[in-house]
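Just so it is clear, the structure is predicted and the values come from calculations on it, not from any experiment.
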Amino acid sequence: MAASTDVPRLFDPVSASGAETAQVREAAPTVAREAKSGGNGSPTATGESPPPEPDAGHYEADSIQTLEGLEAVRKRPGMYIGGTGSDGLMHLVWELIDNGVDEAAAGHARRIDVTFGGDGSVTVRDDGRGIPVGCPPGRDVSAVEVVFSELHAGGKFGSGTNGSAYGASGGLHGVGASVVNALSERMRVEVGRDGHVWRLDFSERLAGRRDGDGFTPTHDLQRLKPTRRTFTQVRFWPDWELFDEAAAFDYAATCERVRLMCHLVPGLRATVSDRRRGAGGEPFDFRSERGLGGLVAELAGGAGAAVTRIIDVSGGGRFEEKVPVDGVLTTVERECSVSAALQWTDGYRSNVASFVNTIPTPSGGTHLAGFERALTRAVNDVLLDGSKKLARSGERAGREEVQEGLVAALQVVLPEPQFRGQTKQELGTPAVQSIVYEAVKSALTEWFGSEGPRSNVTALRAKISDAVEAKAASRQLQADRRKASALGSTGLPDKLADCRVHGPDSELVIVEGESAAGPAKAGRNAHNVAILPLRGKLVNAAKASLRQVLENAEAQALFRSVGAGVGADFDSGAARYGRIVILCDADVDGSHIRCLLLTLIHAYMRPLLTEGRVYAAQPPLYTTRVGKETHRAFSDAERDVIGARLAKGRRGGTEAIRWQRFKGLGEMNTDELAHCALDPATRTLRRITVADAAEARKLLDVLMGSDVAQRRDYIGRHSSLVDPATLDI
């Protein structure tokens with residue numbers, strides 16, 4: 001074939017005679033340096049004197065340059081592959097993989113193989129139709145050469161007299177394969193087509209970087225051997241001088257990419273082999289027959305327990321857009337198909353993967369906008385319609401609440417989609433949004449209304465309703481904080497008797513009732529001990545919703561006093577006190593209140609428990625005075641032991657020892673309460689662990705839950721521990 005003179009080239013094919021030279025990469029820097037030599041007045045590689053240094057202020061007609069052919073790619077690679085780091089390097093691999101996937105999506109390929117070679121090369125092979133080896137109309141070079149050496153050349157343009165070889169594809173701009181060639185120092189293309197294997201080699205001529213010449217154009221497409229198979233195999237060696245020093249191929253990312261592709265094209269089989277030094281291991285081999293449903297099942301595997309089964313969505317529509325047809329701007333009708341798979345889990349994070357044709361769109365676009373809008377509308381109009389809890393509050397679910405725990409995959413297929421940018425990370429075709437919206441909303445409306453299992457629908461309704469309530473409660477908490485800040489400079493509850501110094505050595509003592517608050521305030525060390533009395537009934541956090549907890553006055557007082565947030569927003573480092581000390585009566589009522597407090601802390605301030613900053617003071621149950629000494633007992637057994645010791649040699653024996661049983665902390669005077677619960681030198685504290693708090697929560701579930709039989713069994717098993725004389729009946 002004669003050389004074509006109508007298109008200037010930076011890279012031209014060369015004969016593949018001789019063995020492949022592994023020294024190409026090592027020799028290139030030396031040749032480049034020789035070609036560019038000439039510093040300090042030395043001659044260049046051609047023996048000519050170096051050109052004069054350009055004038056930085058010179059701006060005339062001769063300053064205007066035109067970058068021709070693939071030269072523009074090498075000059076500004078970031079415009080085509082996003083950068084010159086590892087992501088840009090991997091984009092070269094994605095371009096070739098996408099071409100093979102397009103063949104599979106069109107029904108012409110069933111297998112793709114990717115190989116990382118030990119010589120720094122990457123090979124991508126598919127068993128599709130093979131790139132045509134004939135000459136395009138009006139050209140005297142093969143279609144293989146045109147595809148890999150000219151920008152905006154390919155078989156995926158949907159308009160024109162001859163139409164497109166693909167109904168819908170990932171390659172759209174006709175630059176992917178040629179960009180890979182432009183940024184490689186060497187490339188070999190082999191094609192199985194028309195009964196033979198054909199080969200075309202491309203090699204960089206470094207002198208061409210200087211003056212555009214220096215190539216040996218030989219456009220021979222070599223016919224190697226007969227074959228009945230059809231395929232396309234591309235092997236390239238990147239030009240490492242164009243990439244960052246730390247740039248490297250990512251084997252794991254490639255495996256993940258082809259795994260996604262196999263889900264998008266059910267039945268496609270992909271393998272990835274790593275033959276680089278030290279790699280080892282078996283090749284990655286993957287195939288999926290389940291489509292998007294299989295992808296969602298994989299993604300949902302580590303997201304939590306399933307709330308619903310996988311919901312499949314399919315639909316589509318038509319739209320019109322203006323495109324050039326044979327040089328004339330014409331309105332054409334497009335068809336867009338929509339596929340999606342969804343599953344809600346009991347987790348909190350969402351994971352929604354979106355695709356256009358076979359291209360992942362991590363930045364979303366119009367198709368994802370339509371998907372999210374349809375989800376929100378269907379949930380509010382159908383799933384939550386008639387919810388009594390939300391009807392009373394007037395709350396509606398937003399995007400975050402609807403997608404809490406959602407795992408989904410969305411794919412739209414359409415010819416010539418409009419992407420925002422060459423790297424195709426975001427879809428810009430406007431009409432796709434409404435098509436996706438209608439398809440998804442219609443499918444979910446039917447699933448919520450009649451098609452979905454009732455248990456799934458009920459569980460999902462409860463999950464999203466709880467999320468909506470949590471959002472409202474969080475908003476209420478913010479309002480409470482603003483209101484608290486308006487009440488005073490610190491926003492602390494009025495009933496808190498605060499200390500003067502805060503930090504690790506300070507403590508908040510929570511006391512039961514106003515009767516105990518008086519002696520506690522009088523007996524404390526006001527320097528570092530704060531007193532918070534509980535006046536009303538504390539909410540049972542094991543049964544109450546977040547809103548109910550935040551509306552409880554006693555819970556609010558505790559949260560404001562600690563000052564470190566609530567629930568997921570709790571920051572133990574911001575807590576105003578180093579310790580929390582629970583001081584309750586030594587009777588059954590005191591134990592009940594202590595359990596409620598521990599349950600609240602376990603549910604909404606758990607880091608305090610994990611860090612060992614929660615304690616329970618142990619006030620005595622009995623006290624007696626013998627002579628000038630006061631003796632205290634913390635249990636009936638301890639009372640008997642102390643009584644027997646004091647009764648020795650005393651007339652009347654143990655009967656002569658008069659014990660006073662404290663019914664409440666309010667019966668203690670200031671000195672007694674300070675001695676047994678406030679003075680670090682004399683008091684007894686028990687550190688509460690997460691396990692203790694969990695046990696308290698479990699006990700509340702038994703004694704205050706709705707399971708009467710469970711409560712009866714528990715009381716029966718522990719009846720021997722109950723003294724009938726202490727029962728308040």
Side-chain angles (χ1 to χ4, degrees), residues 81-83 85-105 109-117 121-126 170-171 176 180 234 236 238 246-276 278-303 310 339-341 343 345 347 349-365 368 406-411 419 423-427:
I81 61 174
S86 294
D87 289 343
L89 186 63
M90 291 306 300
H91 193 84
L92 303 182
V93 183
W94 304 155
E95 291 286 3
L96 298 181
I97 291 177
D98 291 344
N99 288 339
V101 173
D102 285 341
E103 277 289 286
R110 300 171 59 186
R111 184 183 180 98
I112 294 176
D113 297 284
V114 183
T115 304
F116 293 98
S121 67
V122 178
T123 304
V124 179
R125 178 188 177 101
D126 69 75
V180 178
V234 181
F236 72 97
F249 289 116
D250 191 331
Y251 174 78
T254 307
C255 295
E256 175 65 16
R257 179 82 169 204
V258 300
R259 185 183 65 83
L260 286 176
M261 297 301 102
C262 289
H263 285 302
L264 295 176
V265 185
L268 173 64
R269 181 178 180 181
T271 62
V272 183
S273 304
D274 195 349
R275 298 176 181 173
R276 292 172 292 182
E282 293 294 323
F284 175 80
D285 193 329
F286 189 81
R287 178 176 178 174
S288 172
E289 299 288 351
R290 298 178 59 188
L292 296 182
L295 175 58
V296 168
E298 284 190 8
L299 296 177
I310 295 177
S339 302
Q343 183 175 36
T345 69
R349 295 184 178 181
S350 64
N351 187 356
V352 180
S354 62
F355 306 88
V356 174
N357 297 342
T358 57
I359 301 299
T361 49
S363 298
L368 186 59
L406 174 67
V407 179
L410 167 69
Q411 182 185 26
F419 286 103
T423 53
K424 298 179 281 194
Q425 297 193 15
E426 183 179 4
L427 178 65

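- Here CD1 of I310 is found 5.0 Å from CD of Q343. Values are rounded to the nearest 0.5 Å.
- The side-chain heavy atoms of V258 and F286, taken from C-beta on, include no pair separated by under 4.5 Å.
- When all heavy atoms of D250 and M90 are compared, the pair lying nearest together is N-SD, 3.1 Å.
- With sequence neighbours excluded, the residues satisfying side chain to side chain donor-acceptor pair (under 3.5 Å) with R259 are E256, E298.
- Using modelled atom types and a 3.5 Å distance limit, the side chains of S354 and T361 yield a donor-acceptor pair.
- Side-chain contact between M261 and P360 is present, with heavy atoms from C-beta onward closer than 4.5 Å.
- Using a 4.5 Å heavy-atom threshold, the side chains of V180 and V234 count as separate.
- Taking both residues in full, the closest heavy atoms of P266 and G291 are given as CG-CA, 3.7 Å, listed atom of the first, atom of the second, then distance.
- Between the SG atom of C262 and the CG atom of L295 there is a distance of 11.0 Å, given to the nearest 0.5 Å.
- Put simply, the residue from I81, T254, I359 that forms a side-chain contact (heavy atoms from CB on, under 4.5 Å) with W94 is T254.
- Heavy-atom minimum distance, L268 versus A104: CD1-CB, 3.8 Å.
- Summarising the geometry, atom CG belonging to N357 is positioned 7.5 Å from atom CG belonging to D102; distances are rounded to the nearest 0.5 Å.
- Here the closest non-hydrogen pair linking L299 and N351 is CD2-ND2, 4.0 Å.
- With sequence neighbours left out, F116 forms a ring pair (Phe, Tyr, Trp, His ring centres under 6.0 Å) with F249.
- Atom CD of Q425 is separated from atom OG of S363 by 4.5 Å, given to the nearest 0.5 angstrom.
- Listed here is the closest heavy atom pair of A340 and L410: CB-CD1, 4.1 Å.
- Put simply, CG on L264 and CG on L292 are 6.0 Å apart, with the number rounded to the nearest 0.5 Å.
- Considering CG of D126 and CZ of R110, their distance stands at 13.5 Å, rounded to 0.5 Å.
- Here the shortest heavy-atom pairing between A341 and V296 reads O-CG2, 3.4 Å.
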